[in-house]
**Q** 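Okay, handing you the structure first.
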Amino acid sequence: MNRVLMSLMTGILMLTLTACGFHLRGEANVPESLKTIYIQGLNIRQDSFGLQLKRALTRNGIQVLDTYKEGAAVMTVVENVFDQNVLSVGSDAKVTEYELETRFSFKVSSPSGEPMSDVITVQARRDYQFDRNQLLAMDEQQAVIRDDLNKQMVQNVLRRLSALK
């Protein structure tokens, strides 16, 4: 009886998920002209965001070149900023909350050199509570949040690239 009930509940859950339109993300459908791309103005070997962007593009069937070659699309990085802003201060005039913000602006040119887009800007923000008594933990928390922001930004860039015609 218990096994039948679990099977029934699983079936209802699966039916509900498919009925609401849920599906796994899958690949980004970028235009054929962007299948080989050179990223100008971003270190894709050492910079954390650049490395994540390169890996995501490669996972989506896009060849990312280390040096420019004729016939490749070009993503030109206009701005890549990471800011840490004070969000709130306690009664003792010490910071109690920070906001981490990252902003990435780029434009894309076709393999023939014609612009495919104006400057595209994607950004993400997160805030976190700061405890000055736990500095090591706060550094680790900031690193984790920054990594999450980078992942979110990479997904935003992929969505914007797939929207180009």
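Since this is a predicted model, take the numbers as computed values, not measurements.
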**Q** Decide yes or no on side-chain contact (heavy atoms from CB on, under 4.5 Å) for Leu57 and Leu158, but give the supporting numbers first.
**A** CA-CA 8 Å; Leu57 290 170; Leu158 284 173; 3.5 Å; yes
**Q** Backbone N or O of Ala143 within a donor-acceptor pair of the Asp147 side chain at under 3.5 Å?
**A**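 Side chain of Asp147 to backbone of Ala143, a donor-acceptor pair under 3.5 Å: no, none is there.
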**Q** Specify the closest pair of heavy atoms between Ser48 and Asn150, including all atoms of both residues, with the distance to one decimal.
**A** OG-ND2, 3.5 Å
**Q** Indicate, with yes or no, if Leu100 and Val89 share a hydrophobic cluster defined by side-chain heavy-atom contacts under 4.5 Å among Ile, Leu, Val, Met, Phe, Trp and Tyr.
**A**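 Yes, same cluster.
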**Q** Could you go through residues 111-122 and list every donor-acceptor pair under 3.5 Å that involves a side-chain atom there, pairing it with any protein atom two or more places apart or in another chain?
**A**
{"residue": "Ser112", "atom": "OG", "partner": "Ser110", "partner atom": "OG", "Å": "3.0"}
{"residue": "Ser117", "atom": "OG", "partner": "Val108", "partner atom": "N", "Å": "3.2"}
{"residue": "Thr121", "atom": "OG1", "partner": "Ser105", "partner atom": "OG", "Å": "2.8"}

**Q** Please find the pair of heavy atoms, one from Ile39 and one from Leu42, that lie closest to each other, and give the distance.
**A**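 Residues Ile39 and Leu42, closest heavy atoms: CG2-CB, 3.8 Å.
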**Q** Short question: side chain of Asn43, backbone of Arg45 - any donor-acceptor pair under 3.5 Å?
**A**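 The answer is yes, because a donor-acceptor pair under 3.5 Å joins these two groups.
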**Q** Is it possible for you to say whether Phe104 and Tyr38 belong to one hydrophobic cluster, with membership spreading through side-chain heavy-atom contacts below 4.5 Å?
**A** no
**Q** So, taking the atom named CZ in Arg103 and the one named CZ in Arg125, what distance separates them when rounded to the nearest 0.5 Å?
**A**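 Spacing of CZ (Arg103) from CZ (Arg125) equals 8.0 Å.
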**Q** Strictly below 4.0 Å, N to O, side chains only: are Lys54 and Asp66 in salt-bridge contact?
**A** yes
**Q** side-chain contact (heavy atoms from CB on, under 4.5 Å) between Glu101 and Gln123: does it pass, once the steps are laid out?
**A** CA-CA 7 Å; Glu101 177 185 15; Gln123 61 185 20; 3.9 Å; yes
**Q** Under a 3.5 Å threshold, yes or no: a donor from one side chain and an acceptor from the other, between Gln52 and Asp47?
**A**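 No, no side-chain donor-acceptor contact under 3.5 Å.
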**Q** Give a yes or no answer on whether the side chain of Thr102 reaches the backbone of Met153 with a donor-acceptor pair at less than 3.5 Å.
**A**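 Checked: no pair found.
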